[in-house]
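Written below as structure tokens is the structure these notes are about.
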Amino acid sequence: MSDGGGSVRQRKKSSGDGTGSRPRKPKSTTSSGGSSSPSTAQQHQMWARIVLMVGIVAIVYFTTFRTREKKFATQREVLELRTQPLDCSRPYLEEISKFAGCIPNRCGRFVSDKIVSPAEAGILLDLARAGFELGQSSGGASILDLHSGALSKGTQFVNVYRLPEAKRLFTNQHINVYRHVKAKVQQAVADHFRLSVDALHLTHPTFFSRLTNATAKTIHDEYWHEHVDKETYSSFHFTTLLYLTDYGKDFTGGRFVFIDNEGKHNRTLVYIEPKRARVSGFTSGAENLHHVEQVTGGVRYAITISFTCDREMAMADPKFALDEEEEEEEKEAATENGGTREGRVREP
């Protein structure tokens with residue numbers, strides 16, 4: 001019995017050994033067969049194709065959608081005059097051709113550090129700071145228009161001349177320098193574009209601006225959008241800016257940027273870095289699409305001085321420093337001089 005049992009156990013063991021001894025198929029390490037992995041050579045070919053495709057896409061992108069940058073005026077430079085002529089946009093040229101003596105020899109832009117003195121710019125900066133003490137926008141972009149009296153305050157505008165403090169802050173020196181600077185800038189525009197200075201007229205809006213990095217509260221605070229002045233203000237024919245503070249010193253960000261389109265997708269960004277007493281001027285048509293970069297720190301002060309060729313859109317100089325007492329003195333002086341004001345001539 002013990003032998004019979006041993007014989008059975010041996011057969012089971014042998015049967016198990018026979019099953020376990022069947023040869024197994026080795027895993028394929030070659031490329032033969034549909035389920036095999038790619039060889040090293042095939043992997044190299046695949047990566048080469050990917051690199052080639054990426055290169056083609058990059059070439060197409062950078063030749064089709066290309067943005068270049070160009071510095072037109074840096075803060076460290078002292079520029080006698082730098083110019084960039086441009087072809088006038090058709091609508092601008094068609095409109096301005098109606099005004100004799102006010103047709104530019106060619107459209108374009110210029111910048112100069114020799115039109116306004118640093119001392120004059122300093123006086124106007126004092127005027128701007130004094131004005132903005134009476135009101136500022138809560139959204140970071142404040143304006144002070146000495147002609148209309150508009151002053152940013154919170155999310156609204158107030159009339160600065162209705163504030164009693166204005167008479168104390170704005171002095172005769174302020175108004176005289178303001179008028180004199182305006183006349184010098186007007187002459188510079190006439191000289192550069194070869195216009196008759198008498199054909200150029202100050203127009204609305206001409207204003208001081210104060211820009212900070214505060215979050216915009218209203219659409220008036222969003223000064224950084226690309227635009228064309230002629231489309232924004234129909235009276236504009238020539239735009240100028242006088243900078244009162246220095247880029248990189250008094251504020252960061254806030255560069256003035258022209259956008260030149262060359263074809264459908266190619267663009268060149270032309271930068272002006274503001275500098276105290278620096279004047280930039282340009283024709284107000286579509287040839288001078290532009291914007292101001294967002295200020296990232298500090299405070300940026302400037303004056304926009306705009307000119308029109310249309311006499312009907314002209315405006316007079318502000319008279320914010322001439323209160324009733326001064327006007328009465330002028331009348332008395334005029335009477336003493338035989339009905340004239342020879343004794344009270346002021347610098348324009």
Side-chain angles (χ1 to χ4, degrees), residues 71-84 108-133 142-147 169-195 197-198 200-203 205-211 238-251 254-256 271-282 292 295 298-307 315-322 344-348:
K71 290 184 178 180
F72 191 44
T74 66
Q75 193 276 334
R76 291 178 294 179
E77 294 178 289
V78 179
L79 300 174
E80 187 77 28
L81 180 66
R82 181 169 289 167
T83 66
Q84 184 177 0
R109 58 190 68 136
F110 70 89
V111 62
S112 175
D113 297 319
K114 298 296 184 179
I115 297 171
V116 176
S117 72
E120 290 169 326
I123 292 171
L124 295 181
L125 178 59
D126 290 342
L127 187 159
R129 285 173 170 161
F132 286 121
E133 284 181 3
S142 306
I143 71 161
L144 170 61
D145 186 335
L146 295 179
H147 300 266
L169 292 175
F170 300 146
T171 68
N172 286 330
Q173 183 186 38
H174 288 146
I175 191 170
N176 287 336
V177 171
Y178 183 87
R179 288 172 170 173
H180 185 53
V181 165
K182 184 270 297 183
K184 289 167 68 170
V185 172
Q186 182 177 2
Q187 185 66 57
V189 172
D191 291 344
H192 178 70
F193 293 108
R194 300 181 186 177
L195 315 172
V197 70
D198 295 330
L200 277 177
H201 311 285
L202 193 69
T203 193
T206 287
F207 57 93
F208 289 87
S209 60
R210 180 185 187 275
L211 305 181
F238 299 91
T239 307
T240 67
L241 292 114
L242 168 61
Y243 301 106
L244 302 178
T245 46
D246 289 296
Y247 167 79
K249 295 181 179 180
D250 300 307
F251 61 93
R255 294 180 299 177
F256 189 95
Y271 293 92
I272 293 178
E273 296 177 355
K275 178 178 181 177
R276 180 179 292 196
R278 171 167 286 170
V279 174
S280 65
F282 51 94
V292 176
V295 171
V299 185
R300 178 190 191 271
Y301 287 95
I303 310 175
T304 298
I305 306 175
S306 49
F307 297 99
M315 67 179 183
D317 288 332
K319 299 179 66 176
F320 58 84
L322 299 178
R344 298 286 292 176
V345 174
R346 291 173 179 246
E347 188 175 23

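The figures here come from the full heavy-atom set of this structure, side chains too, leaving out hydrogens, waters and symmetry mates.
- Residues Pro274 and Phe251 meet the side-chain proximity criterion, which asks for heavy atoms closer than 4.5 Å.
- Once rounded to the nearest 0.5 Å, the distance linking OH of Tyr247 with CZ of Arg76 reads 10.5 Å.
- Side-chain contact between Lys114 and Leu81: absent, with no pair of heavy atoms (C-beta onward) separated by less than 4.5 Å.
- The shortest distance between side-chain heavy atoms of Ile175 and Phe170 does not fall below 4.5 Å.
- Within the 4.5 Å cutoff, the side chain of Lys275 has heavy atoms near those of the Val78 side chain.
- Here the CZ atom belonging to Arg255 is positioned 11.5 Å from the CD1 atom belonging to Ile272, to the nearest 0.5 angstrom.
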*asked:* Run the side chain to side chain contact (heavy atoms under 4.5 Å, CB included) test on Ser280 and Tyr243 for me, step by step, so that the C-alpha distance in whole Å, both residues' side-chain angles and the decisive distance to 0.1 Å come before the verdict.
replied: CA-CA 9 Å; Ser280 65; Tyr243 301 106; 3.6 Å; yes
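- Using a 4.5 Å heavy-atom cutoff, the side chains of Phe110 and Ile115 are in contact.
- For the side-chain contact (heavy atoms from CB on, under 4.5 Å) with Phe208, the qualifying choice from Thr304, Ile143, Leu146, Leu125 is Leu146, the only one to do so.
- Atom-to-atom distance recorded for Arg109:CZ and Arg82:CZ is 13.0 Å, nearest 0.5 angstrom.
- Shown here are the side chain to side chain contact (heavy atoms under 4.5 Å, CB included) partners of Leu202, two or more places apart in sequence or in another chain: His147, Lys182, Thr206, Ile305, Phe307, Met315, Asp317.
- Take Lys184 and apply the salt bridge (charged side-chain N to carboxylate O under 4.0 Å, His left out) test, not counting sequence neighbours, and it matches Glu120.
- Under the side-chain contact (heavy atoms from CB on, under 4.5 Å) test applied with Arg278, the options Leu244, Asp246, Val116, Asp113 reduce to a single match, Asp113.
- Exactly one of Val111, Val189, Thr240, Leu241 qualifies for a side-chain contact (heavy atoms from CB on, under 4.5 Å) with Phe282. That residue is Leu241.
- Proximity of Phe72 to Phe256: side-chain heavy atoms (C-beta onward) are nowhere separated by under 4.5 Å.
- Side-chain atoms of His174 and Ile123, non-hydrogen and from C-beta on, do get closer than 4.5 Å to each other.
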task = Apply the test side chain to side chain contact (heavy atoms under 4.5 Å, CB included) to residues Val177 and Leu124: give CA-CA distance (whole Å), side-chain angles for both, the deciding distance (0.1 Å), then the verdict.
result = CA-CA 7 Å; Val177 171; Leu124 295 181; 3.9 Å; yes
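- A 4.5 Å side-chain heavy-atom check between Leu242 and Val185 finds every atom pair outside the cut-off.
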